[in-house]
Each structure stands twice: as structure tokens, then as C-alpha cells.
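Written out below as C-alpha cells is the structure these notes cover.
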Amino acid sequence: MKMHHSFLFGSLICAGAILLTASAQAFPRDGGGDRFGGGGGRFGAGDRTDGTVDRSGSYRFLHGGSGTFNQTVTHQPGSTTGTTTWTNSKGGTGTHTFDNTWNQSTGTGTHDSSTTYADGKTSSSEGTWTKTAPGDATYAGTHTGVNGQTTDVSKSVTNSDGTKTIDTTYTNPTTDKSSTVDKTITDANGVKTVDTTATGPNGKTVTSDQTYTKTSDGHIQTGTVTGPNGNTVTDNKDVTYTKDANGDITRTMTGSVTGPNGGTKIIGNTETYSKTVVPDSVTMPNQQND
């Protein structure tokens, strides 16, 4: 499963530091980073299976908000594509699509994604990956936000001794102002740490230090987010996956966020979905390979 950006961290960025519109671009063979999208999107466990994975189900947030979703992700040698649609409790609908390619021989790949929201607004991203060393790559592309503003995106991904470093720069081509997001990921023995520093155009920073500990049925996330004024927020989340007799999977997140003044808010959401996997190549019982 791909664990995506902390909700709390993203909220602080929007509120305090990062003023440029940004979207995560997918690493080659990845499913996309958007909230509802791709193999690594919010719904589902992000399987890497050659063939097609279909998911459909419902979601509900503790403090309001619910709906249904359908997702199809197809993995083939050299490409991953996907479409997710969702309908919220008010009847609003949205769609996210992505198309990622990777050419092993040339060490290059492409990313293209678009999202249409319930209010009819759209955002999109596109770019190119280039392999620079085994496990390392660079990305150059653009992201167009719901307001039509375009942001140039450059990213560098390096892997060394079990640690992945992702350095991203977002530049507004109109104002030439830039923001950066630098992330370090270490994953070993069932424990993943993700340390992130976001620096806005004004030089102010937001830092996030998160730890994900694998459990028998999911993971536990604990961490802190420190804003540009030095105030720190603590977050705790317990994510579990259960399967019923019909094979339907329920993902449950329960947790809390404690602010710098000691006030605590309980958070949580659930997603229940069924999953069908169709392998890229299936040998029927009566078929034999010569």
C-alpha cells in the first residue's frame, strides 16, 4: 500500500506556507498520487498486479461526508492506466484518470492525469521521467490547477542505503516564485518514517515527521507537524483492514489531532469495497502451453 501525504500537513501548507497549486506526480509504474486516483490513491491497497484491478465501494467521514466510488487500474509492461469515479452524498460526481508509461530500454517515462470535481472544475498534470541511475530519476512537468493557473514542477528521486529522497520544486511561471517540498523516506523492518520540509515563496517552512508502524491488520501512524510560527500539532492514526465472509474489505481509520494549545479533535473515516483482479494472462484449464 502506498501511504500518501498527511492530511494535516497538507492543510498547514495550504493555510500557511505553500501558495502555489501542486499535485503529486507518479513515479514510473506507480498508480498516481491524487486523492481518489490510481493504484496508490485513497481507495484500496495499491496492488501491483499485471492485469486489471477493479474496486467499488463506499466511504464515510466521521464528521460528515460520504459517497460511493468505482476504480479500475490496469497494469501492463511499460504502462499503468486508471480511472476512478465517485459520487458524494449530495449527488455530486467526480472523475480522476491517469496514464503512466515507462520505457525500460531508454530509461524514460511519461505521466498524464486529470481530475474533474463535483463543482465541474478541473485540474491536470503532465510530465516526463528520466532515469539517472539505478533507482534514481528526475521529473519535469506542469500542473494546472482549478483556477487555470499553471505551475512548473521539477522533481528528483534518489535511493541510497534504504532511504529514498524526493526533492520537488514548484515554480509559478508568471511570478517566477518557487516553493519546495523535500521528503526523506526510510522503510525497514515494518517501520516507515517520512520526514518532510515544505518551504514557501516567502521562505517560511512547515515540517512534518511521521512514523508508520505495520500491524497485523494495517498500520499505526504517529507524528508531528510544525508550522512556520513554531507551533506543533500532534497526530495519531490507527488504520485497519478487515475482510468479511463475502470478501468485501473495510478500511477503518480512527485517530486524533492535538493542537499546540492542547485541544484534541477526534478524526476518522471508513471505506468498504469489493475488489476483483483479472491477471494480464490467464491459462484456461483446457489450455496447455507447448
Side-chain angles (χ1 to χ4, degrees), residues 1-15 21 23-24 31-47 52-73 82-98 113-124 145-146 210 212 215 217-223 225 233 235-259 263-277:
M1 180 178 68
K2 186 183 291 181
M3 302 170 186
H4 288 317
H5 306 294
S6 165
F7 164 78
L8 181 60
F9 182 51
S11 299
L12 282 175
I13 287 178
C14 293
T21 303
S23 175
D34 293 340
R35 178 176 177 184
F36 291 96
R42 176 162 182 77
F43 300 120
D47 311 72
T52 299
V53 179
D54 291 315
R55 297 184 182 90
S56 62
S58 60
Y59 62 91
R60 179 177 297 276
F61 294 94
L62 179 64
H63 298 290
S66 62
T68 60
F69 69 92
N70 292 276
Q71 179 187 74
T72 299
V73 178
T83 299
T84 301
T85 60
W86 66 93
T87 303
N88 62 34
S89 58
K90 297 181 180 180
T93 61
T95 303
H96 173 80
T97 63
F98 73 91
S113 69
S114 64
T115 305
T116 301
Y117 303 94
D119 59 4
K121 294 183 178 181
T122 62
S123 65
S124 61
V146 294
Q210 303 291 325
Y212 302 83
T215 61
D217 57 357
H219 70 271
I220 295 173
Q221 176 188 348
T222 58
V225 178
V233 175
D235 57 291
N236 298 273
K237 300 175 184 177
D238 187 356
V239 178
T240 61
Y241 291 82
T242 58
K243 183 180 292 187
D244 65 17
N246 296 321
D248 291 344
I249 299 169
T250 297
R251 174 193 182 276
T252 304
M253 187 278 284
T254 57
S256 63
V257 177
T258 302
T264 298
K265 179 179 181 179
I266 304 301
I267 59 175
N269 61 66
T270 59
E271 298 152 9
T272 300
Y273 57 92
S274 60
K275 181 175 69 173
T276 303
V277 179

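Keep in mind it's a predicted model, so treat the numbers as computed, not measured.
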Inset, instruction - Report the C-alpha separation of Thr93 and Thr85 in whole Å, then their side-chain angles, then the decisive distance to 0.1 Å, and conclude whether the side chain to side chain contact (heavy atoms under 4.5 Å, CB included) test is met. - result: CA-CA 7 Å; Thr93 61; Thr85 60; over 6 Å; no

Inset, instruction - Determine whether Val233 and Asp235 make a side-chain contact, defined as any pair of heavy atoms from C-beta on separated by less than 4.5 Å. - result: no

Inset, instruction - Show your reasoning for whether side chain to side chain contact (heavy atoms under 4.5 Å, CB included) applies to Lys237 and Ile267. - result: CA-CA 8 Å; Lys237 300 175 184 177; Ile267 59 175; 3.9 Å; yes

Inset, instruction - Taking the side chain as every heavy atom from C-beta outward, state whether Asn88 and Tyr59 have any atom pair closer than 4.5 Å. - result: yes

Legend entry - Donor-acceptor contact present, side-chain Asp119 to main-chain Lys121, <3.5 Å: yes

Inset, instruction - With rounding to the nearest 0.5 Å, note down the distance linking OG1 in Thr215 to OH in Tyr241. - result: 10.0 Å

Inset, instruction - For side chain to side chain contact (heavy atoms under 4.5 Å, CB included), just list the numbers for Val225 and Gln210, CA-CA rounded to whole Å, side-chain angles, deciding distance to a tenth of an Å, and then say yes or no. - result: CA-CA 8 Å; Val225 178; Gln210 303 291 325; 3.9 Å; yes

Legend entry - Modelled atom types, side-chain donor and acceptor of Thr258 and Thr264, under 3.5 Å: yes

Inset, instruction - Could you check Trp86 against His96 for side chain to side chain contact (heavy atoms under 4.5 Å, CB included), going step by step and ending with a plain yes or no? - result: CA-CA 9 Å; Trp86 66 93; His96 173 80; 4.1 Å; yes

Legend entry - Thr272-Thr250 side chain donor-acceptor pair, cut-off 3.5 Å: yes

Inset, instruction - Rounded to the nearest 0.5 Å, what's the gap from CG on Asp54 to CD on Gln71? Could you check? - result: 9.0 Å

Legend entry - Spacing of Ser58 atom OG and Phe69 atom CZ [to the nearest 0.5 Å]: 7.5 Å

Inset, instruction - Flag the pair Phe98 / Val73 as yes when at least one side-chain heavy-atom distance between them is below 4.5 Å, and no otherwise. - result: yes

Inset, instruction - Report yes if some heavy atom in the side chain of Leu62 is under 4.5 Å from a heavy atom in the side chain of Met253; otherwise report no. - result: no

Legend entry - Heavy-atom pair of closest approach, residues Tyr117 and Ser123: OH-OG, 2.8 Å

Legend entry - Polar contact flag, side-chain donor to acceptor under 3.5 angstrom, Thr122-Thr116: no

Legend entry - From CD (Glu271) to OG (Ser66), nearest 0.5 Å: 12.5 Å

Inset, instruction - Starting at OG1 of Thr240, measure out to CG of Asp217 and round the result to the nearest 0.5 Å. - result: 5.5 Å

Inset, instruction - Any chance you could measure Ile220, atom CD1, to Asp238, atom CG, to the nearest 0.5 Å? - result: 5.0 Å

Legend entry - Contact check, side chains of Thr83 and Thr95, non-hydrogen atoms, under 4.5 Å: yes

Legend entry - Student check: side-chain heavy atoms of Asn269 and Arg251 closer than 4.5 Å: yes

